Amino acid sequence: MFYLSIAVAQEEQTSLQTYIVWVEKPVSQNSYAQPHEDLESWYQSFLPETSANSNQLMKQRMVHAYRHVATGFAAKLTPEEVKAMENKEGFVSAHLQRTLPLHTTHSPEFLGLHQGLGLWEQSNYGEGVIIGVLDTGIGPDHPSFSDEGVSPPPDKWKGKCVFNGTVCNNKLIGAKNFIDAGKGKARRSAPFDQDGHGTHTSSTAAGNFVEGASLFGQANGTASGMAPYAHLAIYKVCGAYDCADADVLAAMDAAVDDGVDVLSLSLGGPSVPLYVDLIAVGAFGAMRKGIFVSCSAGNDGPEYGSLSNEAPWILTVGASTTDRILNLTSTPTVTNLSKGSGSDPLAPKVAIFSSRGPNIASPGILKPDIIGPGVDILAAWPYSVDNATSKATFNIISGTSMSCPHLSGIAALLKSSHPDWSPAAIKSAIMTTADVLNLVGKPIVDEWLRPADIFAIGAGHVNPSKAIDPGLIYDIQAEDYIPYLCGLNYTEKQIRILIQQTVNCSQVGAIEETQLNYPSFSIFVSSSHKLWTQSAHYTRTVKNVGPANSVYNLDPLVPNKTRMSVNPQVLTFTEVNQTITYQVEFLALDSASAGEDDFWSQGYLRWVSDQHNVTSPIAVVIESK
């Protein structure tokens with residue numbers, strides 16, 4: 001009988017697919033049981049009996065067991081087996097695994113980062129902060145990952161570096177492989193980067209200083225990441241072209257347990273509801289642990305509504321140019337280099353491929369949040385593409401994959417300088433201090449030299465030197481997202497997938513998306529919406545992180561065909577960490593003026609003191625009937 005069941009199981013292998021299965025937490029003595037062994041046995045109880053009764057078959061079926069950022073597991077199942085699971089107590093939902101595409105040094109200087117000065121000096125180059133990079137692995141012996149000048153990792157670090165030999169050090173403190181789970185040996189192999197993408201993104205975020213970096217003699221200089229003294233933990237979740245979202249969630253789960261401070265993901269898929277998006281699910285769990293999550297916006301621009309990674313607890317990063325000129329091909333991989341190089345006074349420009357808003361999953365949250373360098377970025381590469389003979393091999397590539405780790409490294413610098421700031425506070429500092437003008441003081445343009453709109457640049461181009469001292473911040477705690485999720489009209493089961501706890505929306509209440517204490521405004525209405533006949537009111541609360549005695553005056557740019565009033569118009573602070581709440585009222589003008597087609601306009605709400613400008617972008621989208 002045993003041999004017959006084995007034969008049947010082997011026959012079923014051909015129809016097995018990887019499913020993500022969400023379940024309720026196991027209840028033990030009227031409280032949620034947390035130990036891993038309880039979760040493991042709980043998850044196994046949902047597997048088909050032929051698997052649950054055989055350790056060998058169970059191990060083949062179970063792909064990942066999630067413990068920290070989600071309650072559920074990934075397993076190889078048939079559609080019939082998933083259907084049978086629906087009758088088991090504690091089952092929430094299940095869906096097929098998705099595959100997510102990858103979103104594929106002069107930039108520190110362009111961003112105002114200089115050795116021995118300013119933000120780098122104030123943050124000690126990101127010392128003590130751990131950046132977890134989820135990508136194609138790493139070329140561990142590259143000089144960018146030397147630990148010269150890097151301190152030992154903090155005591156909280158629990159991760160492992162599975163490379164053999166001595167390549168792991170105070171810079172490269174963790175390395176794990178999450179692809180090919182269920183294939184035994186491949187899962188335990190070291191996360192060597194055979195593609196190059198992960199080596200490039202890791203060194204962009206936190207590569208150490210490497211002199212004489214160049215490619216074909218171009219871009220010659222000293223290369224470094226944004227946070228050169230930060231630590232790196234590498235989680236291999238992608239092959240050469242794409243990544244399984246079940247593996248991505250497993251890596252996020254492990255990274256939270258390991259003790260990272262920042263997660264950097266240069267990958268993502270098309271828009272789906274947030275409870276289906278495993279990056280959003282994992283990021284919410286990470287955010288609850290105080291971990292900052294930075295993700296690429298996608299390379300599907302310039303089409304509107306083409307974004308990935310739209311959740312408000314994620315920093316969504318679009319791509320821009322730097323002032324260095326190289327014609328490179330227009331695709332996000334380098335194939336040909338011109339002989340000359342120069343400086344572009346119109347930088348930064350929005351990259352043509354950078355995905356645009358509006359936010360499809362949550363229209364009331366403006367995305368992307370920010371843009372950063374993502375065109376012609378020189379960074380480490382695991383092998384030579386120009387016949388270089390040293391280990392210091394580099395490549396120049398483009399994509400929001402490149403802009404994301406810039407922001408991940410900048411977030412590490414801010415975390416080092418302000419260890420008590422929440423992920424939302426760090427995001428607020430980055431967004432409200434962003435630049436909307438280029439090097440010649442004109443509005444940022446796209447690569448056709450047309451003014452770039454708010455759905456291309458979000459809050460603007462990152463300015464790290466200003467972000468370290470923003471004056472005011474808009475903070476959000478994990479529990480603040482629950483009324484927001486209720487306001488998206490998600491079911492309580494769907495919300496439970498994200499927050500890992502039961503919720504009663506009738507008790508906690510629901511808010512409009514724009515009511516979330518976000519550092520931007522996105523007002524998305526129909527011409528038949530109540531906004532046409534009465535005003536819409538929103539509130540924001542700001543915290544003073546500048547001088548104790550500070551006075552901020554309102555300096556708005558009201559969106560076209562919209563009336564806006566703010567109360568109060570002066571914010572007077574007398575203490576550090578003091579909070580003040582203000583109200584904003586929007587009123588759309590006569591609907592006839594909008595015409596037949598959809599209409600949108602943009603502006604900003606700015607608070608100005610003697611030392612700080614705190615700016616929130618505003619998008620007003622009025623859809624025709």
Side-chain angles (χ1 to χ4, degrees), residues 36 64 66-69 125-181 186-194 197-208 225-238 243 247-267 282-283 285-286 289-294 380 382 404-405 408-409 411-412 415-416:
H36 292 174
H64 297 297
Y66 307 123
R67 303 178 180 90
H68 303 283
V69 299
Y125 305 89
E127 181 181 18
V129 179
I130 303 168
I131 303 175
V133 180
L134 279 65
D135 214 294
T136 62
I138 193 170
D141 57 352
H142 194 281
S144 291
F145 309 121
S146 160
D147 66 354
E148 183 178 353
V150 182
S151 62
D155 292 340
K156 68 171 184 173
W157 176 246
K158 300 192 298 182
K160 295 180 179 178
C161 190
V162 301
F163 286 114
N164 294 323
T166 60
V167 293
C168 297
N169 54 31
N170 287 335
K171 165 61 72 176
L172 181 57
I173 62 172
K176 296 179 180 179
N177 188 357
F178 287 85
I179 66 172
D180 295 321
R187 186 177 184 183
R188 297 189 298 271
S189 64
F192 285 102
D193 183 11
Q194 298 172 328
H197 191 275
T199 301
H200 198 281
T201 57
S202 299
S203 64
T204 300
N208 212 330
M226 296 296 100
Y229 288 173
H231 309 286
L232 279 169
I234 305 303
Y235 302 87
K236 184 172 182 176
V237 297
C238 305
C243 329
D247 297 341
V248 173
L249 185 61
M252 298 178 82
D253 196 64
V256 169
D257 190 43
D258 288 344
V260 303
D261 299 297
V262 176
L263 279 171
S264 184
L265 293 86
S266 292
L267 52 101
K289 301 287 188 178
I291 298 168
F292 185 90
V293 182
S294 171
C404 168
S408 304
K415 183 74 174 177
S416 181

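In this text, all values refer to a predicted model and were calculated from it rather than measured experimentally. No hydrogens, no waters, no symmetry mates; every other heavy atom, side chains included, goes into these values.
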I need the minimum non-hydrogen distance between Ser266 and Thr201, along with the two atoms involved.
OG-CG2, 3.8 Å
Is the backbone N or O of Val133 less than 3.5 Å from a side-chain atom of Ser264, with the two atoms forming a donor-acceptor pair by type?
no
Nearest 0.5 angstrom please: Ile234 CD1 to Ile131 CD1, how far?
9.5 Å
Heavy-atom pair with the smallest gap, counting every atom of Ala255 and Leu263
CB-CD2, 3.7 Å
Grab the two heavy atoms, one from Ala251 and one from Leu134, that are nearest each other, plus how far apart they are.
CB-CD2, 3.7 Å
Run the side chain to side chain contact (heavy atoms under 4.5 Å, CB included) test on Asp135 and Leu267 for me, step by step, so that the C-alpha distance in whole Å, both residues' side-chain angles and the decisive distance to 0.1 Å come before the verdict.
CA-CA 8 Å; Asp135 214 294; Leu267 52 101; 5.5 Å; no
Residues forming a disulfide (SG to SG under 2.5 Å) with Cys238, sequence neighbours excluded
Cys243
Quick one: closest heavy-atom pair of Pro153 and Asn170, and the distance?
CD-OD1, 3.7 Å
Nearest-0.5 Å distance, OG1 of residue Thr199 to CD of residue Gln194
10.5 Å
Taking only residues two or more places apart in sequence or in another chain, which ones pass side-chain contact (heavy atoms from CB on, under 4.5 Å) with Ala283?
Met252, Val293, Trp313, Ile314
Among residues at least two apart in sequence or on other chains, which ones pass side chain to side chain donor-acceptor pair (under 3.5 Å) with Ser203?
none
Could you tell me whether the side chain of Val237 reaches within less than 4.5 Å of the side chain of Leu265, counting heavy atoms only?
no
Taking every non-hydrogen atom, the tightest pair across Tyr66 and Ala250
CE2-N, 3.4 Å
Contacts of Lys289 that satisfy side-chain contact (heavy atoms from CB on, under 4.5 Å) - sequence neighbours left out:
Val256, Ile291
Would you mind listing every ring-ring contact (aromatic ring centres under 6.0 Å, His included) that reaches into residues 129-157, with sequence neighbours excluded?
His142-Phe394
Applying side chain to side chain donor-acceptor pair (under 3.5 Å) to Asp258 and not counting sequence neighbours gives Lys176, Tyr235
Under the rule for side-chain contact (heavy atoms from CB on, under 4.5 Å), what residues qualify as partners of Phe163, not counting sequence neighbours?
Ile138, Pro140, Cys161, Val167, Cys168, Leu172, Ala175, Ala190, Pro191, Phe192
Spacing of NZ belonging to Lys236 relative to CG belonging to Asn177, to within rounding of 0.5 Å
5.5 Å
Nearest-0.5 Å distance that lies between atom NE2 in His200 and atom CG in Asp193
11.0 Å
Quick one: which residue pairs count as a salt bridge (Lys or Arg N to Asp or Glu O under 4.0 Å) with a foot in residues 159-173, not counting sequence neighbours?
none
Applied to residues 146-155, the side-chain hydrogen bond (donor to acceptor under 3.5 Å, both in side chains) test, sequence neighbours excluded, yields Glu127-Ser151
Closest heavy-atom contact between Asn208 and Tyr229?
OD1-CE2, 3.8 Å
Does Pro154 have any side-chain contact (heavy atoms from CB on, under 4.5 Å) partners at least two apart in sequence or in another chain, and if so, which?
Ile130, Lys156, His231
